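First up is the structure itself, then whatever we jot down about it.
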Amino acid sequence: MKIRGVVYNFGKQKLSTCPVKDDVTVFNRQVYYQKLGSQQDFDSKPNDWDDALPFEKIPGPKPLPIIGNTFRFLPYIGDFYGVDLKELQRRFYKQYGRIAILKDLKVAKNIVLLYSPEDIEKLHRNEGVWPHREVLNSFTYYRNILRKDIFQGIGGVATVQGEDWFNIRSKVNPILMQPRMAHQYIDKMDEVAEDLVKRMRQLANRNKNREMPPDFIKELNKWALEAAGLIALDRRLGCLDDLVPDSETQKLVDYVIEMFWLIYQFDVLPSLWKYISTPLWKRYITVLDYITLTFVKYIDETAKNIGDKLQNKAEYEMSILERLLKLDPRIAKATAIDTLTAGIDTTGKTTGAALYFLARNPKVQTKLREELCRVLPTKETPVTKEILAETPYLKAVIKETTRFCPIAIVNIRKTLKDLVLGGYQIPKGTIVHTANGVLSLEEEHFVKSKEFIPERWIRNGEKEISCKNTHPFVFLPFGYGPRACLGKRLANMEMEIVLARIIRNLFLEWPHADMKFTTTLVHGVGDPLKLRVTEVDK
Ligand code: HEM
C-alpha cells in the first residue's frame, strides 16, 4: 500500500495502543484509522454547547491592558515569579476549582487547565485518532525547519502532527512497543545497570560519609543515555566510564545535559526566540547540531556495518535500530533521536526520585530487597524476563514514584473540535493542560496521598489503601491513547532492571532534610541527591 509515496510494511502484527479493542489486523486498522482521521466530524457543535458558559468567563488571573498576564512572571513585580509550575497549578486549583485559564500571555497561547477527571476523560475521548500535542516549539523548529536537510522531511513522532504523525507512529509502534522487542535488551540493560552500581561504589568510596556527590542526578542521566544508546544506536557509548576530558563521549554527555536546560529556557520559560537571535539561542543551535550530527554519524556507521546482511536476517533476530533501518533510514534517524531526547531526563529523573523515596522509606526499601533476594539469590544472578515477571513490589514502587513525582505534571492536547469542559464552551484549537500531577497528590483521589505507599498498587492488597476505585483519568504518567509515550515499555524495563540491581547490591540512606521537587523541562528531584550508600553483605 502506498500513501504519500511511502510504502507501508506492516505484515500482520497488531497495534497495541490503538483505542479500539477489536480484532482487526494492523493492515486493516491502518486503513481504518486513515479513513477515520480524515472523515471525523470536527465541525459540529456538541449538544450541550448552547447551555454552557462562554469561554471568556473561565476563571483565571486577570490580565492587564497591553501587557496581559506576562508581568506576573517577571522579577520584582510578578506574583508568579519564581513559583514552581506545579505549585502554581495547585494554587489555581484551590482558587478556581475544576477549570482555570491562563490567558493573554503575549509570548504563548492561552492555556486552559483541567482538574476534573471527568473533563480529562472527555478531552481524551474526543482527541480523535490523530491527537494533537504541541510542545517544544523551538526544538520542533530546529528539527522540522532549520535542519530539515538532516532529517529529510521526517520530523519524528514527538514533533509532528496530524496525518504526518500517524504515518510515522503507526510504523514505529510495532517496533518500539512490542514486549518481545524490549525483552531482547534485558541482558545488555543489566550490564549497563551493573556499571551504574560499580560507579556508585566508586563514588561512595571517594566520600568520607559514603555519600553520592551533589550532582549525582547527572550520573543517572549518563546511565539513561547509555541505556537509550543501546536501543537507538545499537552501541555502548561508555558514558559511565571515567571519561577523558574533551573526548567525544564526554562532550556528548555534557551537551545532552545542557540541551535539556536549553530546551527549558526556550520552550518552558517565556522566550522571544522567534523574534531575536541571542547568544544563548546560538549556543542552543550549536549544542543541538553537535548532538544531532554525532548521533547521525553513529547511525550511519551502524547502517554501513549491517549493509546487505539485513536482507538475510529474520525480523525476530533484528535489533530495534536494524528494524527501523530496514523500514526507512530517515525514520530510523528521527526515531533514534526521539529516543535519545525523550528517554534520558525522563528515566534519569524518575529513577532518581525512586532512589530518594526508597532511601527516605527504609521499610519500603527492606520489603523491596526481600522480594529481590527471593528472585536474585546472589548479587550476581542475572536479571531475566522471568525474574522481572515475579517482582510485583518493584513495579508498585515505580508506579508510586510516578504518582508522587510524575516527570510530566500535565498532559497536553489541542482540541480538534468544539467541546464543553467544566461547564464552559471550549472552541476547537484551544490548548488544554490536564493537571494530573496536582490531582495525584489530592486526598480525594488517593488515601494518605502525601505518603509513599507502593502497597496501594498491589492487586488484591489492603482494601483501605488500594486505589482500585480511583478514577482512571487521574493517574496518567505516560499520557493517554494513541499519542501516549512511545517508550513506556522500554522505560519501565530500564527502571525495573536498574532499581533491582541497585537495591539488591546497596543499602540507601537519606540523612538530610526532605527533598524539594521542582519543575523545569520535567518535574523531579530539586535538591542534590546525596544518597548515602553502603554494601549489602551478600
Ligand atoms: C519514566 C520515563 C518516561 C515517562 C514518565 C514518559 C512520559 C511521557 C509522556 C507523559 C508523554 C506524552 C504522552 C501524551 O501526550 O499522551 C511522552 C511522550 C513520548 N515519549 Fe515518553 N516518557 C518516559 C520515557 C521515555 C523513553 C525512554 C522514550 C524513548 C524510547 C520515550 C519516548 C517518547 C516519545 C517519542 C513521545 C512522543 C510520542 C508521540 O507524540 O507520539 N519516553 N512520554
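On a predicted model such as this, the values are computed, not experimentally measured, just so you know. One-based numbering along the sequence shown.
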Inset, instruction - Please round to the nearest 0.5 Å and tell me the distance separating atom CG of D254 and atom NZ of K222. - result: 8.5 Å
Distance-only check: which donor-acceptor pairs under 3.5 Å involve side-chain atoms of residues 343-356, not counting sequence neighbours?
| unit_1 | atom_1 | unit_2 | atom_2 | d |
| --- | --- | --- | --- | --- |
| T346 | OG1 | A342 | O | 2.6 |
| T347 | OG1 | G343 | O | 2.6 |
| T350 | OG1 | T346 | O | 2.7 |
| T351 | OG1 | T347 | O | 2.7 |
| Y356 | OH | M515 | N | 3.1 |

Legend entry - Polar side chain donor-acceptor pair, E455 to Y393, under 3.5 angstrom: yes
Inset, instruction - Using atom types as modelled and distance alone, determine if a side-chain donor or acceptor of D119 lies under 3.5 Å from a backbone N or O of G422. - result: yes
Legend entry - Intermediate values then yes/no, side-chain hydrogen bond (donor to acceptor under 3.5 Å, both in side chains), T286 and K282: CA-CA 6 Å; T286 306; K282 286 180 188 144; over 6 Å; no
Inset, instruction - Would you sort out whether W261 and Y264 count as a ring pair (Phe, Tyr, Trp, His ring centres under 6.0 Å), showing the intermediate values? - result: CA-CA 5 Å; W261 182 79; Y264 170 62; 7.9 Å; no
Inset, instruction - Compute the centroid of each ring, for W273 and then for Y141, and state whether the two points are separated by less than 6.0 Å. - result: yes
Legend entry - Close side-chain approach of Y81 to L74, heavy-atom, < 4.5 Å: no
Legend entry - For F266, the option from F139, Y142, W281 that meets side-chain contact (heavy atoms from CB on, under 4.5 Å): W281
Inset, instruction - Return yes when atom CZ of R360 has more than 12 non-hydrogen atoms of other residues, nucleotides or ligands closer than 6.0 Å, and no otherwise. - result: no
Legend entry - Polar side-chain atom of K86 near backbone of T518 as donor-acceptor pair, under 3.5 Å: no
Legend entry - N-O pairing of D84 and R90 below 4.0 Å: no
Legend entry - Identified side chain to side chain donor-acceptor pair (under 3.5 Å) partner of R483 from the options H132, Q161, H124: Q161
Legend entry - Check: L388 main-chain N/O paired with K395 side-chain donor or acceptor under 3.5 Å: yes
Inset, instruction - Using the six-membered ring wherever Trp is involved, compare the ring planes of F404 and F517 and label them parallel, tilted or perpendicular (cut-offs 30° and 60°). - result: tilted
Legend entry - R403 to F475 six-membered ring, cation-pi geometry met (6.0 Å, 45°): no
Inset, instruction - State, with a plain yes or no, whether a side-chain heavy atom of L136 is found less than 4.5 Å away from one of L521. - result: yes
Legend entry - Exam field: side chain N69 to backbone L105, donor-acceptor pair closer than 3.5 Å: no
Legend entry - NZ/NE/NH1/NH2 to OD/OE distance under 4.0 Å, R91 and E87: yes
Inset, instruction - Ignoring hydrogens and angles, tell me if any N or O in the side chain of S138 forms a donor-acceptor pair with the backbone of D267 under 3.5 Å. - result: no
Inset, instruction - Give a yes or no on whether the backbone of M177 and the side-chain of R489 come within a donor-acceptor separation of less than 3.5 Å. - result: yes
Inset, instruction - Verify the neighbour count for atom CD1 of I66: are there more than 12 heavy atoms of other residues, nucleotides or ligands below 6.0 Å? - result: no
Legend entry - Side-chain donor/acceptor of T415 to backbone N/O of P427, under 3.5 Å: yes
Inset, instruction - Taking T434 for its side chain and N436 for its backbone only, find out whether a donor-acceptor pair lies under 3.5 Å. - result: no
Inset, instruction - Can you establish whether the number of heavy atoms outside K463 located under 6.0 Å from its atom NZ is more than 12? - result: no
Inset, instruction - State plainly whether the residues K94 and E442 are in salt-bridge range, i.e. N to O under 4.0 Å. - result: yes
Legend entry - Expected output: side-chain K122 to main-chain V420 donor-acceptor under 3.5 Å: yes
Inset, instruction - Taking R143 for its side chain and G155 for its backbone only, find out whether a donor-acceptor pair lies under 3.5 Å. - result: yes
